[in-house]
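Just below is one structure, and these are the notes that go with it.
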Amino acid sequence: MDIDTKVIDGSKISSIIKEELKKEIALGLNVGLAVIMVGDNKASEIYVRNKRKACEYIGIKSFIYKLPEETTTGQIMELVEVLNNDNTVDGILIQLPLPNHINTDEVVQSIDKNKDVDGFCHENLGALISGTPNFISCTPIGIIELLKRYEIPIDSQKCVIIGRSSLVGKPLSMLLLNENATVTICHSKTNNLYEQIKDADIIISATGQINLVTGDMIKKGAVIIDVGINKDKDGKLCGDVDYASCIGAASFITPVPGGVGPMTVAMLMKNCVTSAVRKVN
Ligand code: GUN
């Protein structure tokens, strides 16, 4: 018997969160987000545009710094220093990836940890591991938010994350652990991925590999969270998961687009508001 798979509507949940934040800001909160992007990267331009639009919608002032390709590590760090000391800026985001000649780690680490709304700096990653989180990176916390808003249990569940990046896989593993899940992280060197995911309750894929997970690989009723953003052979946006084959096999699934993606922006907005609230308290 096929399962009645429910689609997790990230666009809808993201709108609800943005609506909640808009109301909070309307009560008289001043919030500012600075976004730094360097060079010409089409994907980054789309992401930054979405962030700017979200800021506009909920009432956050956005300061977008679009720097030329030849900008140096030192010049970006100088700008970050100015923004660290600017009281109207509550959040600083450096859009990744940066051009190869820039030392990304040095630049990201120069952001004040209390303005690091991406949660990428070592102190914020360390705080998450030690169980006293400050800012948590937006995609992983957005995934937890989706699971909670759909009342999908995490406690004691077997969660398999495919992908070990510092932006998604690693912080997400900590968040799931904090929710009492049993967590396995798989990656490109994992032997026999199928063996790892076949009895998983929740599978999260963040690899950039099309059709990595198919309906016949998963346990009936598993929850599928697709973090991949890829283009198929016709140039259409798709995730890591073969969506069609999981319908009837999964209990819940996130679509691409409209699943995890919009949640990243919503949680970024939430982190900015949190930062601004801390400033006035
Ligand atoms: N590039 C792709 N995703 C992200 C993100 O969440 N934050 C930043 N800063 N850059 C990104």
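Count residues from 1 along the sequence. Order of listing sets the numbers, starting from 1, for every ligand and every atom in it.
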Does I203 share a hydrophobic cluster with L176, counting links as ILVMFWY side-chain heavy atoms below 4.5 Å and allowing steps through other members? no
N/O of P97 under 3.5 Å from N/O of ligand 1, yes or no? no
Provide, to 0.1 Å, the distance between atom 9 (N) of ligand 1 and the closest protein heavy atom, together with that atom's residue and name. D118 OD2, 2.6 Å
Would you mind checking which non-hydrogen protein atom is closest to atom 4 (C) of ligand 1, with the distance to 0.1 Å? Q95 NE2, 4.1 Å
Has R149 got its NZ or CZ under 6.0 Å from the middle of the six-membered ring of F252, at an angle within 45 degrees of the ring axis? no
Quick one: does T139 get within less than 4.0 Å of ligand 1, heavy atoms only? no
With a heavy-atom distance limit of 4.0 Å, tell me whether L268 approaches ligand 1 through its side chain, its backbone, both, or neither. neither
Between the side chains of D90 and S275, does any donor sit under 3.5 Å from an acceptor? no
For residues D155 and N180, is any side-chain donor paired with an opposing acceptor at under 3.5 Å? yes
Which of the numbered atoms in ligand 1 are below 4.0 angstrom from a heavy atom of L93? 9 (N)
Start with the C-alpha gap between I253 and V241, add the side-chain angles, then the distance that decides, and say whether side chain to side chain contact (heavy atoms under 4.5 Å, CB included) holds. CA-CA 10 Å; I253 188 165; V241 175; 4.3 Å; yes
Charged N to carboxylate O below 4.0 Å: is that the case for E151 and K148? no
How far is atom 10 (N) of ligand 1 from its nearest protein heavy atom, and which residue and atom name does that atom have? L96 N, 3.0 Å
